[in-house]
Every structure is written in structure tokens, then in C-alpha cells.
Amino acid sequence: PLSRRSWRGSRSTVAGMLARRFALPPVHEAKYEPRQIPNAAPDMVGTAIIRPPREIWLTLLGEMVQMVNEALRRRASCARDASKPLSLEYMADRLDVDDPLL
């Protein structure tokens with residue numbers, strides 16, 4: 001860790017490591033009710049897996065939050081652990097920073 005004195009002396013280096021955030025597109029909820037989506041088959045038959053570009057993921061943040069909350073609701077009905085859903089901020093940060101996404 002940097003001491004206070006060394007941090008002041010290397011301010012330009014530390015500042016160069018700071019992340020820059022960009023404005024994200026508006027967050028919209030899904031146009032369907034997540035509770036009406038059936039559970040996936042254990043063998044994933046009938047499930048489509050796609051790999052959209054980052055820009056598409058960013059437009060789906062609201063839907064992703066709804067899906068995470070629905071998954072937690074379904075799990076809570078049969079599990080005893082108190083899981084916490086992923087936050088919108090966390091998912092937006094992962095989409096903004098992580099590379100590659102998949």
C-alpha cells in the first residue's frame with residue numbers, strides 16, 4: 001500500500017489508474033411479466049443462448065435486474081439461504097468494465 005507521503009508524490013500515477021465511467025442508456029423494464037416465464041429444462045432443451053454485443057447488454061439492464069429478482073424469488077421458495085440479488089449498479093459496472101463479457 002502507498003503511504004500518505006508516497007501517494008502525494010505519485011498522484012499522477014494513481015490518477016492514471018482511476019476508472020472513467022460513461023453515461024449509460026436509459027434503463028427500461030421488460031415488456032413481459034418475468035413470473036410468467038417457465039423454468040428452463042435441466043438439460044437446457046428448448047433454450048437459446050445468444051452472445052449479443054456490449055451495447056445490447058447495456059440496453060437490457062432493467063430486464064436483467066428483473067430476471068435476477070425473479071430467480072431469487074423462485075430460489076427463496078425452496079431454499080433456506082438468504083441470498084441477495086445483484087444490484088443494477090453492480091451489473092452496470094460489470095458491463096462497463098469487464099472484458100471480455102463472455
Side-chain angles (χ1 to χ4, degrees):
L2 294 172
S3 69
R4 186 178 185 142
R5 179 175 236 186
S6 63
W7 180 83
R8 286 180 180 208
S10 62
R11 181 171 283 188
S12 62
T13 304
V14 173
M17 295 187 326
L18 295 177
R20 292 185 179 165
R21 300 287 180 238
F22 300 98
L24 295 175
V27 175
H28 301 289
E29 291 187 356
K31 297 179 181 176
Y32 56 88
E33 178 54 49
R35 289 181 184 220
Q36 295 176 352
I37 302 300
N39 290 333
D43 59 3
M44 302 297 283
V45 169
T47 301
I49 299 175
I50 60 171
R51 188 175 181 176
R54 185 179 308 267
E55 296 76 27
I56 300 297
W57 280 113
L58 290 170
T59 64
L60 297 173
L61 273 171
E63 186 173 345
M64 290 172 19
V65 169
Q66 286 181 282
M67 288 293 100
V68 167
N69 290 335
E70 177 60 16
L72 183 66
R73 184 192 70 77
R74 291 179 187 191
R75 180 176 164 86
S77 68
C78 63
R80 293 184 176 214
D81 64 345
S83 298
K84 181 179 163 186
L86 300 174
S87 70
L88 172 67
E89 293 80 12
Y90 176 81
M91 287 190 275
D93 189 56
R94 298 285 47 91
L95 290 174
D96 185 36
V97 175
D98 290 359
D99 199 26
L101 286 177
L102 297 176

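- L58 and M67 are assigned to two separate hydrophobic clusters, defined by single-linkage of ILVMFWY side chains at heavy-atom distances under 4.5 Å.
- To the nearest 0.5 angstrom, D98 atom CG is 7.5 Å from R54 atom CZ.
- Rounding to the nearest 0.5 Å gives a distance of 10.0 Å between CG of L61 and CD of E89.
- Using a 4.5 Å heavy-atom threshold, the side chains of L86 and R94 count as separate.
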Could you pull out all donor-acceptor pairs under 3.5 Å where a side-chain atom in residues 31-42 meets a protein atom, sequence neighbours excluded?
{"unit_1": "Y32", "atom_1": "OH", "unit_2": "E63", "atom_2": "OE2", "d": "2.3"}
{"unit_1": "N39", "atom_1": "OD1", "unit_2": "R74", "atom_2": "NH1", "d": "2.4"}

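- Of all the heavy atoms in M64 and L95, the pair that sits closest is CE-CD1, 3.9 Å.
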- Message: Between N69 and V65, does the side chain to side chain contact (heavy atoms under 4.5 Å, CB included) criterion hold? Intermediate values first, please.
- Response: CA-CA 6 Å; N69 290 335; V65 169; 3.6 Å; yes
